[in-house]
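Numbers here are sequence positions counted from 1.
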Amino acid sequence: MNTYRKYIWLLAIVSMTCMTSCEDFLTKIPQNNLSVDSYFKSDGDFKLYADGMYTSFTDQATSIWFDFRSDLIGVWPSKSGNRSYADLHNGAMSPSSASPGMYWNWSSIRSAYVLLENIDNIELAAANKNLYMGTAYYLLAYRYFVMFRAYESVPIVRKVLEIAEADMPSSPKEEVFAEALSHINRAIELLPSLGPTERERGRLTKLVALTLKTDMLLYTAGYYGEAISGAGYSDAAAAAQAMLAEARNRGYGLSNDYNSLFVADRQAEAEAQKEIVYEWVRLIDVATASFSNSVFAPHTPYSSRGWGDLSQTQECVDMYECTDGLPIGKSQLYDPAKPFDNRDPRFELTTLYPGRICTAEDGSQWVANTLSEFHYDNDGNKTTIDNQNYLKTLTSTIDRSPTGYFSIKYWDRYTGTGGAYTSYINYRFGELLLLYAEAMNEAYGASNEVRNALTELRARVGMPAVTATTNPTTESLRALIRNERVVELLCEGKRYWDLKRWRLLEERLNNRQQYSIAIAETFNPDGTPASYLDRLTVPVSLDGTKTEVFEIPNGVNGGEPVNTTIFPGGKFWVWPIPESAINASSTKALKQHPLWE
C-alpha cells in the first residue's frame, strides 16, 4: 500500500488512540476510543502509529497561506474576508478570531507520549525503535516550537495525562523554548542519517531535525534579541554548520533545474530530490481530490480555473535584480520598455507577467496578459473572448490578479481536471544555504563563508558572485540575505515568520498600501522610482512578432491601490490563546497572555 494512502486511513486509528484526554482545554475525549493496550502488538503497529504523526508536523498548504498574509502579496479586500488568517494583516486578530486556534493542538502532543510510553512493551529492532522514538520527539519539538513562536507561553505536558491532571497553566516562554530544544536534540540523536537516494520521500531524517533546530534557534535569537538562554546567534551558527555538513556529507545539494522543484511530474526525479530535504508528498493516485493548486495559478484560456490568490506586488517584482546583480534602479540593463528582460531568472521561473508565455502540462501554450480586456489567440489576433486574467475583468472579479502578476510557483499547469498533486516543500537545500548564511553573518559578521554560500545559491540561476567588493559589510550582507529569501523562497510560506523574527511586521504591514503593476521609467539617485509609464508594449503572439500597446491602470501614478494592510504592533506581536481554550479551563488554571488580558 502506498505510504501516504496509509497516512490517510491511519488518522482514524490515531484519533482513537491518541485523543483520549480530559474534557478541559487540552483536548476532548472521543466516546468510542480504542484501548491503547489492545493496539501496540507488533513492529507494524508502531510503524503505522508513527506514520500517522506526520500530519501533525508537516506544514502542508497551510504554510503557503502565510505569504498570502505578508507584505509582498497583493490581496483584494473582498477576498481577504473569505480566506483563513485574514486577521494576521487586517488588525482584527482577537482570542475569538480565526488565526489563534491554528497551532493550539494538544492531541498531537498526546500522540507522541502514547508512543513513547508504550515503546518498551515489545521487543523492536534497534533501528526501528530509534526511528519511531525520533518521530515522536520531532513531533514534540515541532509542536512546542510553533506554539512558542505564536503564543510564547503555553502549558508543558510531559506524559499522557489523566483527566484530573489536564487543566494546566502556561509555562514561561523560556521553558517552552527549552522544551522544544531538548526534544529536537533527542530527535537528532535518534533519526537516521540518510541521503536523498537512501531515504523514502517525505520521511524524517537527521538532516530534517538539524534543519528544524537551526530554524528554531535563528528565529528565537532574532525575535528575542539573544535574550533567551541557549538561543544566541552563535548557537544558531553552530546548528547551521552541523546542518550544512550533514547535508553535504549525505549528498544533498542544489538542483540544476530550479523549476522542477515545484512541478508535480518533476519532483520525484533525482535532480529535484537532491535538493528537497523534507516535503509533504502528494501523489496523483491518492491526492487528486485534495487542496487545489489552482490557488497558485492564473486562469487558463477560456476557463475560470485558477484563483489568483498569490499575486506579487510591484514592490516584490522590483526586488528581482538585473542579471548584472544590481537593482533595477541602479542597473544599465533595465529597460522600462522591456521591464521584464534581463532580470534574475527566478523571476521568469516563478512569475506570470504581461506577455509571458505559459506552458501547460499537456504542452499547450498561450500568451498571458493581465493588461488586456480580451483574449488573443496564439497568432496574436484579438478575439471577443473575455480575458479572465485581466486586471479589471468583470467576469471573475474575486479570482483575478489584484496586482497584474501571478505567482506560478507550485502551479500544476493543468488546463483541465486531474491536477492538484504538487508536493509542498517544507525545507530544501536552497533554504539551508540561506539559514547558514544568515546565522553565520549575525554571529560572526561579514565573511567569505557567508559570501560563498550566497554565491553558490545565486550561481544556480546564473546570477553574479557575492564578493568582498559587492558586499563588504555585515549590514550589506544582511540586506542581500533578506532579499534573497524573497526571490528564492517567495510563496513557500516563509515571509510572515521572517518579518516577525526580524521585528519588521509593524514596519512592513501597518497601514501599508499595496499597489498593482507600475513600471518604473526613471529613478531617483537612491534607486527608487521617480516616474512611471502609463502604457506598456506587450507581445501578443507566441512567436513574439506581434505586439500591442496596453494602458497600465493608473500606471503613471504608481499603480492602482489594491489593499491596505494593518498591523498595529503592541499585543499583536503575540497571538492570543484561543478563547475556546480559556473557556474550557474548568479550574481557570489557563490564563490569557498578559498582553491580551
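- For the pair Glu226 (side chain) and Tyr233 (backbone), a donor-acceptor distance under 3.5 Å is present.
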CA sep, side-chain torsions, deciding dist, call: Phe374, Asp386, side-chain contact (heavy atoms from CB on, under 4.5 Å)
CA-CA 5 Å; Phe374 296 102; Asp386 289 339; 3.8 Å; yes
Mind running salt bridge (Lys or Arg N to Asp or Glu O under 4.0 Å) on Glu507 and Arg512 for me, showing each step along the way?
CA-CA 8 Å; Glu507 175 183 327; Arg512 191 174 186 86; over 6 Å; no
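- Contact check on Arg478 versus Glu442 returns a salt bridge, with a Lys/Arg side-chain nitrogen under 4.0 Å from an Asp/Glu carboxylate oxygen.
- With respect to Lys382 and Glu548, no salt bridge is recorded, no charged nitrogen being found less than 4.0 Å from a carboxylate O.
- Thr370 contributes a side-chain N or O that, together with a main-chain N or O of Gly404, makes up a donor-acceptor pair within less than 3.5 Å.
- Glu431 has its side chain out of reach of Ile425: every pair of non-hydrogen atoms, C-beta onward, lies at least 4.5 Å apart.
- Classification of the Tyr219-Phe148 ring pair by plane angle, with boundaries at 30° and 60°, yields perpendicular.
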Would you please test Ser255 and Arg460 for side-chain contact (heavy atoms from CB on, under 4.5 Å) and show each step?
CA-CA 8 Å; Ser255 168; Arg460 184 243 299 270; 4.1 Å; yes
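- The existence of a salt bridge linking Lys494 and Glu488 is excluded, since no basic side-chain nitrogen approaches an acidic carboxylate oxygen closer than 4.0 Å.
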Start with the C-alpha distance between Glu275 and Tyr258, add both sets of side-chain angles, then the distance that settles side-chain hydrogen bond (donor to acceptor under 3.5 Å, both in side chains), and finish with yes or no.
CA-CA 9 Å; Glu275 176 159 353; Tyr258 181 91; over 6 Å; no
Evaluate the side-chain contact (heavy atoms from CB on, under 4.5 Å) criterion for residues Thr470 and Leu480: first the C-alpha distance (whole Å), next the side-chain angles of each, then the deciding distance (0.1 Å), finally the verdict.
CA-CA 10 Å; Thr470 62; Leu480 179 60; over 6 Å; no
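- Counting only N and O atoms by type, the side chains of Thr522 and Ser531 include a donor and acceptor under 3.5 Å apart.
- For the pair Asp498 (side chain) and Arg482 (backbone), a donor-acceptor distance under 3.5 Å is absent.
- Side-chain N or O atoms of Gln514 include one that pairs as donor or acceptor with a backbone N or O of Ile73 at under 3.5 Å.
- Using a 4.5 Å heavy-atom cutoff, the side chains of Tyr320 and Thr350 are in contact.
- Checked against the 6.0 Å centroid threshold, Phe567 and Trp573 count as a close aromatic pair.
- The ring of Tyr410 has its center closer than 6.0 angstrom to the ring center of Phe262.
- No side-chain heavy atom of Val367 sits less than 4.5 Å from a side-chain heavy atom of Val540.
- A search for side chain to side chain contact (heavy atoms under 4.5 Å, CB included) contacts involving Met463 returns Glu321, Asp344, Pro345, Arg346, Arg458, Val461, not counting sequence neighbours.
- Side-chain contact between Met319 and Leu72: present, with at least one pair of heavy atoms (C-beta onward) separated by less than 4.5 Å.
- For the pair Ser99/Phe66, no side-chain contact is recorded, criterion being any heavy-atom separation below 4.5 Å from C-beta on.
- Using modelled atom types, one finds a donor on one side chain and an acceptor on the other under 3.5 Å when comparing Gln312 with Thr351.
- Thr528 places no side-chain N or O within donor-acceptor distance of the main-chain N or O of Asn524, the cut-off being under 3.5 Å.
- Aromatic rings of Phe406 and Trp411 (six-membered ring for Trp) have centroids beyond the 6.0 Å cut-off, not under it.
- Here the side chain of Trp104 pairs no donor or acceptor atom with the backbone of Tyr151 at under 3.5 angstrom.
- Residues Leu371 and Ile552 meet the side-chain proximity criterion, which asks for heavy atoms closer than 4.5 Å.
- For the residue pair Tyr436 and Thr214, no side-chain donor N or O sits within less than 3.5 Å of a side-chain acceptor on the partner.
- Checking side-chain atoms of Lys330 against main-chain N and O of Pro525 turns up a donor-acceptor pair under 3.5 Å.
- Electrostatic pairing of Glu551 and Lys392 does not count as a salt bridge here, judged by no charged N lying under 4.0 Å from a carboxylate O.
- In this structure, Asn471 and Leu454 have side chains that are not in contact, with every pair of non-hydrogen atoms separated by 4.5 Å or more.
- Residue pairs meeting the ring-ring contact (aromatic ring centres under 6.0 Å, His included) criterion with at least one partner in residues 520-541, sequence neighbours excluded, are Tyr334-Phe523.
- In this structure, Arg266 pairs ionically with Asp257, as a charged nitrogen and a carboxylate oxygen lie closer than 4.0 Å.
- Counting only distance, with no hydrogens or angles, the side chain of Thr313 and the backbone of Tyr515 share no donor-acceptor pair below 3.5 Å.
- A distance-only check finds a donor-acceptor pair linking the side chain of Ser516 to the backbone of Glu560 [under 3.5 Å].
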Go through the steps to decide whether Tyr424 and Glu492 satisfy the test side-chain hydrogen bond (donor to acceptor under 3.5 Å, both in side chains), and finish with yes or no.
CA-CA 8 Å; Tyr424 295 106; Glu492 295 183 47; over 6 Å; no
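- Counting all heavy atoms, side chain and backbone alike, Asp318 lies closest to Arg343 at CA-NH2, 3.7 Å.
- Within the 3.5 Å criterion, the main-chain N or O of Glu348 finds a donor-acceptor partner in the side chain of Arg356.
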